[in-house]
There are 2 protein chains.
Amino acid sequence: MRWSQTLVPTQKQDPADATIVSHKLLVRGGFVRQLQAGVYDFLPLGWRTMRKVMEIIHAEMQAAGSVEISLPLLQPIDLWNQTGRNADYGPDMLRVIDRKGAENALAPTHEEAITELIAAYVNSYKQLPLNLYQIQTKFRDEPRPRSGLLRVREFLMKDAYSFDSSEEGLDRQYQAMFKAYERIYARCGIPAIPVEAESGPIGGSASHEFTVPCDAGEDIILTSDKGNYAANVEKAETGSRPHDLDSAPTGELERIHTPGQSTIEDVGKFLKVKPKNMLKSLVFEADSEGESESALVLAVVRGDHDVNEAKVVMAVKSQLPWASSVRLLDDARREKWGPKEALPIGFIGPSRTPNPLAFHLVVADPDAAQGGFWATGANEINHHLKHFNWQRDLLSQIKGEEIKFHVADIRNAVAGDPSPKNDGGVLRESRGVEVGHVFKLGTKYSEKLGANFLGQDNTEHPIIMGCYGIGVGRIMLSAAEVFHDERGLVWPASIAPYEVVITPIKYDGIAKEKADELYGQLKSAGVDVILDDRDDRPGSKFADADLIGIPLRVVVGDRGLAGGVVELKDRKTGEASEIPLADALTRVQARLKELYEALAPT
Amino acid sequence: MRWSQTLVPTQKQDPADATIVSHKLLVRGGFVRQLQAGVYDFLPLGWRTMRKVMEIIHAEMQAAGSVEISLPLLQPIDLWNQTGRNADYGPDMLRVIDRKGAENALAPTHEEAITELIAAYVNSYKQLPLNLYQIQTKFRDEPRPRSGLLRVREFLMKDAYSFDSSEEGLDRQYQAMFKAYERIYARCGIPAIPVEAESGPIGGSASHEFTVPCDAGEDIILTSDKGNYAANVEKAETGSRPHDLDSAPTGELERIHTPGQSTIEDVGKFLKVKPKNMLKSLVFEADSEGESESALVLAVVRGDHDVNEAKVVMAVKSQLPWASSVRLLDDARREKWGPKEALPIGFIGPSRTPNPLAFHLVVADPDAAQGGFWATGANEINHHLKHFNWQRDLLSQIKGEEIKFHVADIRNAVAGDPSPKNDGGVLRESRGVEVGHVFKLGTKYSEKLGANFLGQDNTEHPIIMGCYGIGVGRIMLSAAEVFHDERGLVWPASIAPYEVVITPIKYDGIAKEKADELYGQLKSAGVDVILDDRDDRPGSKFADADLIGIPLRVVVGDRGLAGGVVELKDRKTGEASEIPLADALTRVQARLKELYEALAPT
């Protein structure tokens with residue numbers, strides 16, 4: 001490509017709203033342009049990088065036995081009602097009413113569509129296993145689109161779906177996809193690491209997330225310093241933490257007027273108590289299938305910790321086996337349990353005195369289930385308690401009552417926690433950008449959409465599914481986050497918009513002639529090269545080449561040519577050497593070979 | 001690919017709603033599946049064909065100097081208001097309200113988005129010319145989605161946009177794109193022909209449509225039997241047709257009560273007069289910029305002809321130079337001109353007696369501007385006239401009045417019309433599927449969105465644009481329409497889902513071993529091959545191979561292998577020959593070479 005024939009609108013200024021480096025550099029380098037909040041044009045350079053990432057994904061998915069298809073974006077809302085995800089996605093999903101008045105989902109993902117398709121065509125174990133994938137647009141109406149390509153409302157995702165007749169088959173496909181992902185990230189040159197993850201709204205029994213560690217990341221990752229454990233904060237467990245419910249009280253229970261102070265922060269300031277000496281109490285509601293049984297659950301963690309809802313759900317289900325749904329009590333549901341005074345959210349605590357609340361179960365995190373000084377809600381609007389003591393103020397008072405008490409890990413892990421491997425490892429916290437996610441879905445979608453197969457046992461079973469996603473733009477973004485310097489981007493060769501830029505000092509005379517010649521040579525040899533044929537100052541052309549991050553630069557100038565040499569410069573190391581013009585092609589090819597070898601999957 | 005690893009859900013039954021052969025065969029062959037009206041899943045085979053079409057498009061666009069980008073689907077509605085196309089598209093455009101309450105267009109095309117981008121980055125003639133393209137989803141809310149992939153609501157389109165500083169530059173790019181399109185269709189093997197076309201809602205000064213002649217087509221094409229003219233019916237002109245306004249009347253003007261009869265068909269039956277002896281009169285309104293001047297225009301064609309609005313607009317503008325907008329008078333606008341009785345739509349005609357209407361201009365088509373018997377509206381509700389005579393009843397009566405009369409070609413061309421080349425050629429009518437469209441846009445979008453450049457003259461000019469579209473799915477569809485037989489599809493080799501199918505008579509023993517070996521050989525040699533490894537009857541496997549239209553089939557059976565031979569069969573010709581297994585690869589390669597050579601662009 002000749003620079004003059006494409007569109008590379010580099011700029012010196014960072015975009016006004018940019019806070020992270022990838023956003024700044026991808027806009028300044030002319031890779032992307034924001035059309036509106038969370039919606040981006042991909043300009044020629046940006047799209048070249050995206051295409052290279054996609055080619056790597058295609059190659060590895062197909063090598064792993066996945067078959068490409070393409071599913072539509074405009075989907076009948078009824079399909080999403082059948083799985084319950086119209087409600088689950090809520091305002092995060094875009095919906096469109098068509099001219100006939102029918103409501104459509106703009107697909108945020110494609111589990112529904114693929115399962116509908118499989119339900120129509122697959123009916124025997126003989127047709128399994130199967131693995132289908134696509135690279136297709138997704139829409140998610142982010143509440144706060146920002147950070148360039150990190151939080152966007154329209155984006156390209158590679159999504160694959162596996163279909164099996166057995167759990168072992170699912171395990172095999174999950175492993176195959178996992179390995180394909182490792183190869184994809186290696187070939188793209190990004191240091192993605194797999195961490196255990198929550199399944200979230202996608203659902204399923206197991207999942208791993210691939211994250212690229214960097215400050216811009218929105219995911220919090222906990223990693224053991226022994227190197228044998230990594231998990232997303234939503235999933236990370238902790239090693240065993242002892243609790244102690246038998247310590248003596250620190251003083252008389254003291255009821256204090258705390259008008260309008262309901263957050264840990266406000267109450268802490270008001271009482272002059274540190275959050276770590278307060279108890280944070282959240283109310284959950286557990287329901288049986290059909291809601292024939294319902295119960296309130298109090299979840300208690302230390303004031304400086306965050307409740308992990310997924311862990312609460314597990315803990316509750318271990319104690320109330322009839323519970324099929326466990327969720328945080330919201331305002332709408334609270335009314336079912338009586339007036340606001342009966343459940344004074346913001347002022348609730350585990351104490352039975354002076355105001356006992358009607359819980360069936362109190363679950364406390366080990367760090368909260370300790371002796372020492374505690375401040376907590378008084379179960380009365382605008383009041384809190386000091387000197388709460390578990391034994392005196394709760395446990396001794398519920399003996400004989402039908403109230404269960406349980407200690408379990410129900411909070412997000414934090415730096416310093418013991419590793420769940422219980423091997424003396426300590427968890428460290430870091431940030432990462434999620435670039436992929438693999439899920440064992442099980443039968444969640446096949447059951448709801450009737451995707452069954454006739455087994456060798458001649459009976460019908462729901463198909464066992466997995467799903468596997470990669471955010472294409474996230475790979476570009478995370479590479480930009482990790483690989484840059486003060487002059488601009490430094491792409492891995494495999495996903496650079498061009499492998500080589502030829503920069504004539506001045507594009508005329510002999511330099512033009514030789515630059516054109518070399519450009520033709522490189523192109524014929526299959527090197528992905530751009531010739532900077534602009535009539536511009538050399539300094540400005542060098543700055544642009546550095547900003548857009550082309551791995552190798554060949555500088556062609558009259559002075560060098562007089563001695564038969566050109567300069568070959570490495571963007572990453574900054575190393576430059578004069579090489580004979582006659583050897584330029586072989587030297588470039590040799591250096592590219594090294595760069596690609598460094599990206600070969602292990 | 002092994003058949004057992006992919007999903008090829010062939011079926012014997014045509015889909016219930018299918019009327020055209022491509023719809024039937026693409027569904028029966030397992031290429032596509034309808035998710036909802038006008039919205040399709042592409043299954044593995046269908047997507048392979050789509051991908052091959054896209055690869056050809058990419059290669060030819062890039063060879064023609066176009067640079068790939070990608071523009072988003074979710075676009076602020078304000079962008080569409082700036083060009084007036086939010087209103088123009090009306091219910092054909094899908095719109096979505098996001099969580100912030102903002103209205104977005106789901107892009108039906110991308111002129112707005114690309115012009116917005118260019119306006120931001122291009123400001124000098126030095127940056128021109130430029131040509132950018134993408135292959136991207138479009139949404140159009142068809143009122144009656146049908147005929148499989150022909151009328152769909154979500155589809156992939158290749159759209160390219162050219163940007164120039166001069167008309168000559170636009171001409172060059174238009175020609176380059178035109179040639180690239182001819183190469184693309186040739187390589188895809190579809191017999192697309194360029195025809196002159198109306199620009200329609202895209203706008204601009206010139207356009208050609210590429211159509212594939214076939215019965216399923218919705219476009220009507222007029223072609224001269226001299227072979228030197230082809231145009232869409234919306235655009236087709238006719239050679240000179242003489243008119244005659246001086247013939248004597250056929251009788252006294254007769255006023256007849258025609259209660260409730262307002263269509264040509266109804267009135268004709270009622271009066272027992274053939275449509276070709278009736279005058280069809282349509283009312284247009286011409287307005288100057290800002291509507292300081294307005295006039296009513298009567299357009300008159302023969303009752304069996306259709307008024308061509310674009311031709312009326314041209315004819316009116318030639319007579320009323322101040323007219324900037326000319327449009328069919330609709331109900332809402334009619335009220336401006338008085339009560340219903342004053343403009344009794346359905347009963348209007350050019351006669352001044354007994355009820356003259358207040359037109360500024362009467363435009364008659366030559367075939368209507370003739371002597372002989374005419375029935376026409378009486379300009380009075382529920383009344384028509386017989387024996388209308390142009391001279392007696394109109395022309396002699398408007399002398400001295402400010403009413404203009406003009407004869408011009410204002411109807412759609414029909415079979416039998418003289419060719420506009422005026423070389424004795426006669427127009428023939430045929431049907432075709434539109435597979436591409438190129439437009440000289442001029443400055444329509446750049447003016448509205450402020451995409452200007454500083455010229456060498458140091459003054460600002462709007463950028464001169466062209467746009468160039470190809471419907472990817474339309475290529476697949478039209479190939480299926482043109483290439484099939486009673487057994488199924490017969491793909492051109494270049495866009496067949498696989499080039500070769502290996503069909504073992506029975507997939508075990510020596511046949512399995514040799515089939516696997518040959519499969520490996522072909523794959524290694526870069527042949528796109530599928531191995532039918534299913535445990536199924538040979539007849540069923542042959543039928544499937546024929547239905548999905550793979551160009552070459554290699555049958556591997558025990559009997560042949562005993563003699564060291566396999567069967568090579570050509571899907572199109574049906575020719576089969578026994579070839580030595582040892583030569584299978586070279587024979588397949590040689591035959592494929594022939595097939596591709598037949599598709600080489602001329």
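Note that the structure is a prediction, hence the values are computed from the model and not measured. Each chain gets a letter, A, B and so on, in the order its sequence line appears, and its residues count up from 1.
- Taking Ile114(B), Thr137(B), Val39(B), Leu128(B) one by one and counting their heavy-atom pairs under 4.5 Å with chain A, the maximum is reached by Val39(B).
- Annotation: side chain of Leu106(B) is in contact with side chain of Leu106(A) (closest heavy-atom distance under 4.5 Å).
- Between Thr6(B) and Leu130(A) there is no side-chain heavy-atom pair separated by less than 4.5 Å.
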Audit row: Leu74(B), Leu94(A), side-chain contact (heavy atoms from CB on, under 4.5 Å) steps and yes/no: CA-CA 10 Å; Leu74(B) 200 62; Leu94(A) 286 166; 3.7 Å; yes
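- Ile97(B) is not listed as a side-chain neighbour of Val96(A), based on a closest heavy-atom distance of 4.5 Å or more.
- Using a 4.5 Å cut-off between heavy atoms, Gln75(B) touches chain A through backbone and side chain atoms alike.
- Looking at Met50(B), neither its backbone nor its side chain comes within 4.5 Å of chain A, counting heavy atoms on both sides.
- When each of Arg51(A), Arg48(A), Lys52(A) is checked for a salt bridge (Lys or Arg N to Asp or Glu O under 4.0 Å) with Glu68(B), only Arg51(A) meets the rule.
- Annotation: Arg2(A), atom CZ; neighbour count of heavy atoms from other residues, nucleotides and ligands within 6.0 Å is above 12.
- Under the 3.5 Å distance criterion, with hydrogens and angles disregarded, no donor-acceptor pair is assigned to the side chains of Gln5(B) and Asn131(A).
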Residues Leu132(A), Leu43(B); criterion side-chain contact (heavy atoms from CB on, under 4.5 Å); working and verdict: CA-CA 9 Å; Leu132(A) 303 173; Leu43(B) 307 182; over 6 Å; no
Derivation of the salt bridge (charged side-chain N to carboxylate O under 4.0 Å, His left out) call for Arg99(A) and Asp92(B): CA-CA 8 Å; Arg99(A) 68 191 299 157; Asp92(B) 289 347; 2.6 Å; yes
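- Neither the backbone nor the side chain of Phe155(B) comes within less than 4.5 Å of any heavy atom in chain A.
- Of the atoms belonging to Val32(B), it is backbone heavy atoms, and not side-chain ones, that fall under 4.5 Å from chain A.
- Between Val67(B) and Trp47(A) there is no side-chain heavy-atom pair separated by less than 4.5 Å.
- In this structure, Lys100(A) and Pro91(B) have side chains that are not in contact, with every pair of non-hydrogen atoms separated by 4.5 Å or more.
- Residue contact with chain A, scored on non-hydrogen atoms closer than 4.5 Å, is absent for His110(B).
- To the nearest 0.5 angstrom, Leu73(A) atom CG is 4.5 Å from Phe139(B) atom CZ.
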Verdict with supporting geometry, Asp98(A) and Arg153(B), salt bridge (charged side-chain N to carboxylate O under 4.0 Å, His left out): CA-CA 10 Å; Asp98(A) 65 25; Arg153(B) 300 198 290 159; 2.9 Å; yes
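- The heavy-atom pair separating Tyr121(B) from Pro9(A) by the smallest distance is CD2-CB, 3.3 Å.
- In this structure, CG on Leu117(B) lies 4.5 Å from CG on Asp41(A), to the nearest 0.5 angstrom.
- Using a 4.5 Å cut-off on side-chain heavy atoms (C-beta onward), Leu35(B) and Pro76(A) make contact.
- Proximity of Gln36(A) to Asn104(B): side-chain heavy atoms (C-beta onward) are separated by under 4.5 Å at one or more points.
- Chain A forms the most heavy-atom pairs under 4.5 Å with one residue out of Pro143(B), Ser4(B), Ala37(B), and that residue is Pro143(B).
- Within the 4.5 Å cutoff, the side chain of Glu116(B) has heavy atoms near those of the Arg33(A) side chain.
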